[in-house]
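Step one of this worksheet: look at the structure below.
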Amino acid sequence: GEGKSHILYMPKKHTWKLESFFDVEKYAEFPTDESNPYDYFPTGRSDWVINSGICQLSDNAHHKMTLTNCVFNDGTGYDFTCTDGTCVPMEKRCNLVDDCPDQSDEKDCELLEIPDDYRRQKFPITESGDAIHVTLNVTILAFPIIDTLGMSYTADFVLLMRWKDPRLEFKNLVDSIELNSLSVKRQLGIWSPSLSFPNARQAEGTVVDEGSQTFVVKSGHPEDDNIERSLEAAMYHGYDVPMIMIREYFVKFNCDYDLIYYPFDTQICEMQFQVNGIPKHYLDLGAEVDDKCIVHCGGAEYLGNKQLVEYVVGGTAIDELKNQTGKFSKMMVMTIFKRKWTFHFWTIFLQSILLLLVAYMTFYFKISNFQDRIMIAITTMMVVATIQSSINKMVPNTAYYKMIDYWLLYSFNILIIIMVIHTVMDNSVSRDPVTGYAFNPRLRVRRSNDNKDSEDKDESSQIDIFGDNPDWDPGWVRAYRINVTGQVLNVIVFLLFNIVFWSVALTHYYEEVDLAHLHRKKK
């Protein structure tokens, strides 16, 4: 120790000797190499042969010891001692730059010392007895699959977990966190939070493997130098130094799609994370937020393309589920998906409107032309039924009506009403009892009484819809009035239905979704 030994050179043996003042049998020797000046003097870090009495070693045991003057003049600190005895600032240790002449400052750069009694299966406990706090940050890279029919979606995301382990000690830390990376072997040798994904389609959770990266954040104040170590290092206690584990996951999650407003729906899908096996009073979860963040500090973000094939990706946020009755802490990431409805407009709504227009045009056919009227109405109804069948293949069956169901119900039933109107009209038309052809008695009377006028006039060109028509058959008058009523009512019903339908649909679609409000409801 200090003041209890001295160093002397023994020319005959070409060795340096570290000898105790009180017991000459307690000594260590360092053989010199005159061909190399760095190995001639004992300064620096050298391999000494211990006779006895030093570091509890004996019997010519080899041991590394450092003879250095790399200490601040005021004794407040120290520099790093290179193997050859050169001094470099401690902050230049293990920074990927060779500052020592012998490059020894970039050797032995292990970051972590694991105590012999360390048990990775046991979670850490704070000195105060408070729960270990683990914070999460989720960075979503992409949504490769959004399956409405399967009530699921697939997320490609990077999960970041941050925690502290008071049982560990760290050394050789630098300011750049990227350089403070633990090897896979070291990652597997320490405790790390184990999370499950409760709403995943399959049983999945966090893993530690070659795809994991664990970084150590330089924080707190280093301990005083321990002269028992031959290799100087700034040591940091685990209760001051957080660790960050990052890994990318590709997981299929369940999502409870609310399809009432389909295809104008906005979905809120969740990614849930739950602690495995450790009660919440020992380990609790929170959101990892950048200290420099000012706005949009939700602990979750989406970096991919917001304009997907079928959806537009809205906001993303993370929060803790506090109202759950389970014994394990749980976090949830919510993402907004707004469906693109323009595809349905061109392929369903516009096509349905055109079909209804075709059916509506049958009111302008001759009143006696029942066959063409009814055939066109039946044909358009079959096409609408085909559209409805195709929609059923695109979305799951639900116990409630969706917006598009109301549209198809209107389209389908208005065609049935048109068919009923045409049938009632035809029953009002007088027909020849032998041939079954419809005829207009008024026109036959005119042709028999007035041979000068041989022009075939329209069947209903002179019928007064609001007045008396004594020269017309009552059945023809009733059929004409039913036809005009069908024309007018179809237009009124069409306009009223579309005003209400599109007002409700577009109001819901463009309504802003407040994730913060949803957080409070979840809590």
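- Proximity of a side-chain donor or acceptor of S46 to a complementary backbone N or O of W48 within less than 3.5 Å is not detected.
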message: With side chain to side chain contact (heavy atoms under 4.5 Å, CB included) as the criterion, how do L112 and L168 come out once you've worked through the C-alpha distance, each side chain's angles and the decisive distance to 0.1 Å?
response: CA-CA 7 Å; L112 176 63; L168 299 176; 3.9 Å; yes

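- The closest side-chain donor-acceptor pair between N180 and E178, if any, does not fall under 3.5 angstrom.
- Counting only heavy atoms from C-beta outward, the side chains of L173 and V216 approach each other to under 4.5 Å.
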task: Run the numbers on T206 and F197 for side chain to side chain contact (heavy atoms under 4.5 Å, CB included), then give the verdict.
output: CA-CA 8 Å; T206 56; F197 309 144; 4.3 Å; yes

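- The number of heavy atoms from other shown groups lying within 6.0 Å of CE (M361) does not exceed 12.
- The aromatic rings of W502 and W341 sit tilted relative to each other, their planes meeting at an angle between 30° and 60°.
- The backbone N or O of F253 sits nowhere less than 3.5 Å from a side-chain atom of N199 that would complete a donor-acceptor pair.
- Between Y282 and F123, the angle of the ring planes lies from 30° to 60°, which puts this pair in the tilted group.
- One N or O on the side chain of R45 and one on the backbone of T81 form a donor-acceptor pair closer than 3.5 Å.
- For E91, the side-chain contact (heavy atoms from CB on, under 4.5 Å) partners are P89, not counting sequence neighbours.
- The only member of F345, Y510, Y406, F349 that meets ring-ring contact (aromatic ring centres under 6.0 Å, His included) when paired with F264 is F349.
- For the atom pair S152 OG and I146 CD1, the distance stands at 10.0 Å (nearest 0.5 Å).
- Interatomic distance, OG1 of T83 versus NZ of K64, reported as 6.5 Å (0.5 Å rounding).
- The side-chain contact (heavy atoms from CB on, under 4.5 Å) search around D284 returns A131, H133, S329, not counting sequence neighbours.
- Residues forming a side chain to side chain donor-acceptor pair (under 3.5 Å) with K171 (at least two apart in sequence, or on another chain): E113.
- With salt bridges taken as basic N to acidic carboxylate O contacts below 4.0 Å, one links E310 and R339.
- A search for side-chain contact (heavy atoms from CB on, under 4.5 Å) contacts involving S183 returns K185, R186, not counting sequence neighbours.
- Geometric assessment of K340 against the ring of Y311 yields a negative cation-pi assignment under the 6.0 Å and 45° thresholds.
- Between L160 and L136 the shortest side-chain heavy-atom distance does not fall below 4.5 Å.
- Using a 4.5 Å heavy-atom threshold, the side chains of L195 and L285 count as touching.
- P396 is linked by a side-chain contact (heavy atoms from CB on, under 4.5 Å) to T148, L149, M151, L259, counting only residues two or more places apart in sequence or in another chain.
- Between atom CD of residue E106 and atom NZ of residue K92 there is a gap of 11.5 Å, rounded to the nearest 0.5 Å.
- Heavy atoms of other residues, nucleotides or ligands lying less than 6.0 angstrom from CZ of F343 number 12 at most.
- A salt bridge is absent between R93 and D105: the closest approach of a Lys/Arg side-chain nitrogen to an acidic carboxylate oxygen does not fall below 4.0 angstrom.
- Between D209 and R247 there is a salt bridge, since a side-chain N of the basic residue sits under 4.0 Å from a carboxylate O of the acidic one.
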task: Check step by step if ring-ring contact (aromatic ring centres under 6.0 Å, His included) holds for Y236 and H221.
output: CA-CA 7 Å; Y236 294 84; H221 299 283; 8.8 Å; no

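- Side-chain atoms of S389 never come within 3.5 Å of backbone atoms of A385 as a donor-acceptor pair (strictly under, hydrogens ignored).
- In terms of modelled atom types and a separation under 3.5 Å, the side chain of N392 and the main chain of Q388 share a donor-acceptor contact.
- Of the possible polar contacts, none joining the T66 side chain to the T68 backbone as a donor-acceptor pair under 3.5 Å is found.
- The line from CD of Q274 to NZ of K280 is 9.0 Å long, rounded to the nearest 0.5 Å.
- The aromatic ring centroids of Y509 and Y261 lie 6.0 Å or more from each other.
- Side-chain atoms of Y410 and D405 form no donor-acceptor pair, as typed in the model, at a separation below 3.5 Å.
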- prompt: Yes or no on ring-ring contact (aromatic ring centres under 6.0 Å, His included) for Y262 and Y257, after CA distance, side-chain angles and deciding distance?
  reply: CA-CA 10 Å; Y262 179 90; Y257 290 87; 10.0 Å; no

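- For the pair T126 (side chain) and D130 (backbone), a donor-acceptor distance under 3.5 Å is present.
- A disulfide is not assigned to C87 and C82, since their SG atoms are no nearer than 2.5 Å.
- Side-chain contact between M271 and F157: present, with at least one pair of heavy atoms (C-beta onward) separated by less than 4.5 Å.
- Checking side-chain atoms of T362 against main-chain N and O of V358 turns up no donor-acceptor pair under 3.5 Å.
- Side-chain contact, S212 with Q187: no donor N or O sits under 3.5 Å from an acceptor N or O.
- The shortest distance between side-chain heavy atoms of M65 and I50 falls below 4.5 Å.
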task: Check step by step if side chain to side chain contact (heavy atoms under 4.5 Å, CB included) holds for T335 and I268.
output: CA-CA 6 Å; T335 304; I268 310 295; over 6 Å; no

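- Between W407 and F497, the angle of the ring planes lies from 30° to 60°, which puts this pair in the tilted group.
- Of the possible polar contacts, none joining the T507 side chain to the V504 backbone as a donor-acceptor pair under 3.5 Å is found.
- A heavy-atom distance below 4.5 Å is not found between the side chains of L356 and L354.
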- request: Evaluate side-chain hydrogen bond (donor to acceptor under 3.5 Å, both in side chains) for K252 paired with Q202, printing each intermediate quantity in order.
  value: CA-CA 8 Å; K252 187 175 185 179; Q202 297 179 348; over 6 Å; no

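- Nearest heavy atom pair, residue F250 against residue P144, reads CE1-CG, 3.5 Å.
- Less than 6.0 angstrom separates the ring centroid of F337 from the ring centroid of F143.
- Going from atom OG1 of T342 over to atom CG of L350 covers 12.5 Å, rounded to the nearest 0.5 Å.
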- prompt: Taking it one step at a time, do T139 and L303 satisfy side chain to side chain contact (heavy atoms under 4.5 Å, CB included)?
  reply: CA-CA 7 Å; T139 302; L303 302 181; 3.3 Å; yes

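- Smallest separation of non-hydrogen atoms from A300 and N137: N-ND2, 4.4 Å.
- Summarising the geometry of V88 relative to D99, their closest heavy-atom pair is CG1-O, 3.8 Å, with the distance given to 0.1 Å.
- In this structure, F170 CZ and E110 CD are separated by 11.0 Å, a value rounded to the nearest 0.5 Å.
- Residues passing the side chain to side chain donor-acceptor pair (under 3.5 Å) test with D156, sequence neighbours excluded: none.
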